[in-house]
Structure formats: C-alpha cells, structure tokens
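Have a look at the structure below before the remarks.
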Amino acid sequence: VEAALADGPLKGKHVLVTSGPTHEPIDPVRYIANRSSGAQGTAIARSLAALGADVTFITGPADVSPPSGVKVVKVQTAREMKDAVDTALPADAAVFAAAVADWRVENASGSKMKKDGSGKAPALEFAENPDILAGVSQLKKGRPKLVVGFAAETDDVDANATAKRKRKGCDWIVANDVSPETGIMGGSENAVSVISDEGTEVWPRLSKDQVAAKLAEKIAGALT
Ligand code: CTP
Ligand code: CA
C-alpha cells in the first residue's frame, strides 16, 4: 500500500469525492434524507487513494466508515456539503457520489415539535437545496479538469442520465438502475453505465469495490 501511495498514476493529483446522504433537520430530533449507505462513494475514495491521489472525502452521515489515507470532512446538510466542496477546491477531478437531499425544511423548528392533541400533522415547507454538482461543473474559473456525477434512476435510466449530464454540464455521468427489483440499493453490488462525450460504456454487474477500482483507473487515464 505504501508503494502504491508513492508511485500511483494519481500521485500529486487532488481529487474530491462527495458521498453518503445529507440530513436536513425538521427539528432537533428529526430529519429528512435520501437512502444511501455511502458504500459506493467510500469505495471510490479508497480506490483513488490506492492509485496515489490526494483525496478529500466529504461525507454526510453514512452507514460505512470513511477509508483511511484520505482527508475526511463530515457534514450533515446539503448546504454544509456545498461549503465543504467550495473550501476543498481547487481539485484536478471531482466525483459527486453523494445522495444529496433535493429539499430542506424551510420552517425547521429549533425545539422539538410536539403533538398538540388535535390529531393534525404539522405542515412542513420545503426549499430547494443548491445543486453542488451543477455549480462545480459550470464554474468559469477553477473548474476541475474532470467532473463526474452520478444518476441513480428507477425509470428510463439512460435517457434520464444523458439529459442530466447535459443539464448539469459534468463530463461523465455514472448511471445506475436503483429499482427495488435490482436489489442494488443497500447491497454490495452495482451495475452502472458511464456516459461521456465518447458515448456510453455499459459495465457488467460487479461488486461496488470493483466498480470503484474500474472508475479510479478510468479517472487516472483521463488525468494523465
Ligand atoms: N447532486 C448534487 N447536489 C444536489 C443534488 C444532486 O451535487 N443538490 C449530484 C449528486 O451527487 C449526483 C448528481 O447530482 O452526482 C445527480 O443527482 P440526482 O439526484 O440524480 O439529480 P437531480 O438533479 O437532483 O435530479 P432528480 O430530480 O432526478 O433527483
Ligand atoms: Ca436528486
């Protein structure tokens, strides 16, 4: 491992990786979030570090522990994640594997919300969170050479992911089908397609660690 760190193809390259869910508070004891174990993002950060990259790993509250040999920045909310990304820049490449909550609760309460006995549920109001991937993809100054997004879809995976890549302006989109019947959500395997200017590469179903290793190799190829 020491030798890999010293001699890998990504030696001297700074790569930032976002991972895990974000938690958006409703009150001090409740939150809304996306489903994400953080397993795929963690494996990607580990694989990049194994190729010698200097990795900044920005993670929401995930089920899995961060890898060793990377700089870990822990956040809770989407806005904290965006601030951490801005602070971590510049980077040679940025990989956005986090499942960011699209909305935060605008009328979050500073104290625990209590049932009032009326049987009526509180009305939550939502505001859209900043799109961290789109912001970095569209930077006029200091944009990473390679920006990689993810698209977890349940329907029309390729069409949705291709449109998402255009809309956000990232270089690659790693698309996967997370329909319940695939068993991918929460599992140890992933089946992805990598969409770029050069077309779509369909990868076989592999372990998340193997997907991470393959993606890190492809990133090394693009940066060197
Ligand atoms: N992403 C991000 N910031 C957000 C939302 C998403 O950085 N506020 C990133 C994710 O990390 C991922 C990519 O954007 O790399 C796509 O996320 P996804 O949720 O599939 O896209 P959305 O634009 O939020 O579209 P949808 O309405 O399908 O959720
Ligand atoms: Ca989303």
Side-chain angles (χ1 to χ4, degrees), residues 15-25 31-45 48 55-62 64 66 73-89 91 93-106 126-139 142-144 146-180 182 184-185 190-196 200 208 211-212 215-216 218-219 222:
V15 184
L16 75 84
V17 178
T18 71
S19 185
T22 64
H23 284 185
E24 311 293 332
Y31 61 83
I32 60 162
N34 285 39
R35 282 190 202 287
S36 170
S37 64
Q40 188 64 84
T42 299
I44 291 165
L48 290 164
V55 177
T56 304
F57 182 68
I58 299 164
T59 180
V64 299
V73 183
K74 290 188 177 174
V75 299
Q76 294 281 330
T77 68
R79 288 191 292 180
E80 287 168 14
M81 185 172 275
K82 183 195 182 313
D83 288 346
V85 167
D86 290 344
T87 301
L89 290 172
V95 181
F96 293 87
V100 181
D102 290 322
W103 302 283
R104 65 177 175 275
V105 180
E106 205 165 33
F126 292 93
E128 193 170 312
N129 272 327
D131 190 321
I132 308 166
L133 168 63
V136 170
S137 296
Q138 293 164 26
L139 278 175
R143 183 191 190 278
L146 180 68
V147 180
V148 182
F150 275 71
E153 307 284 349
T154 56
D155 305 283
D156 301 326
V157 179
D158 280 354
N160 274 322
T162 300
K164 203 164 267 181
R165 175 175 170 265
K166 286 259 157 57
R167 190 166 71 242
K168 299 200 182 221
C170 57
D171 301 297
W172 302 349
I173 280 260
V174 181
N176 64 358
D177 184 341
V178 292
S179 309
T182 66
I184 281 174
M185 287 301 293
N190 207 353
V192 307
S193 296
V194 182
I195 302 171
S196 72
T200 301
K208 287 183 178 175
V211 169
L215 188 65
K218 190 172 165 69
I219 289 169

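Atoms within each ligand, like the ligands themselves, are counted from 1 in listed order. Computed from heavy atoms alone, side chains included, the values below leave out hydrogens, waters and symmetry copies.
- Counting only heavy atoms of the protein, atom 26 (P) of ligand 1 lies nearest to Lys164 NZ, 3.8 Å.
- The main-chain N or O of Asp177 is found under 3.5 Å from a side-chain atom of Thr182 such that the two form a donor-acceptor pair.
- At the shortest separation from atom 11 (O) of ligand 1 among protein heavy atoms lies Ala98 O, 2.7 Å.
- Atom 15 (O) of ligand 1 has its closest protein heavy atom at Phe96 O, 2.6 Å.
- Put simply, the side chain of Leu89 reaches to within 4.5 Å of the side chain of Pro144, judged on heavy atoms.
- Although no hydrogens or angles enter the test, the distance criterion places a donor-acceptor pair under 3.5 Å between the side chain of Ser179 and the main chain of Thr154.
- Taken from OG in Ser193 to CG in Asn176, the straight-line distance is 9.0 Å, to the nearest 0.5 Å.
- Nearest protein neighbour of atom 9 (C) of ligand 1, counting heavy atoms only, is Leu133 CB, 3.7 Å.
- Not one N or O of Ala97 is nearer than 3.5 Å to an N or O of ligand 1, by distance alone.
- Lys218 is listed as a side-chain neighbour of Trp172, based on a closest heavy-atom distance under 4.5 Å.
- The protein heavy atom nearest to atom 16 (C) of ligand 1 is Phe150 O, 2.9 Å.
- The backbone N or O of Ser137 lies less than 3.5 Å from a partner atom in the side chain of Arg143, making a donor-acceptor pair.
- The protein heavy atom nearest to atom 3 (N) of ligand 1 is Ile132 N, 3.1 Å.
- Put simply, the side chain of Lys168 does not reach to within 4.5 Å of the side chain of Ile173, judged on heavy atoms.
- Salt-bridge annotation for Arg79 and Asp83: absent, with no side-chain N of the basic residue lying under 4.0 Å from a carboxylate O of the acidic one.
- Taking distance alone, with nitrogen or oxygen atoms compared against 3.5 Å, Pro130 approaches ligand 1 more closely than that limit.
- Taking a 4.0 Å cut-off on heavy atoms, Lys168 registers as neighbouring ligand 1.
- Close approach of ligand 1 to Gly149 (heavy-atom distance below 4.0 Å) involves ligand atoms 15 (O).
- Each of the following atoms of ligand 1 lies closer than 4.0 Å to a heavy atom of Asp102: 5 (C), 24 (O), 29 (O).
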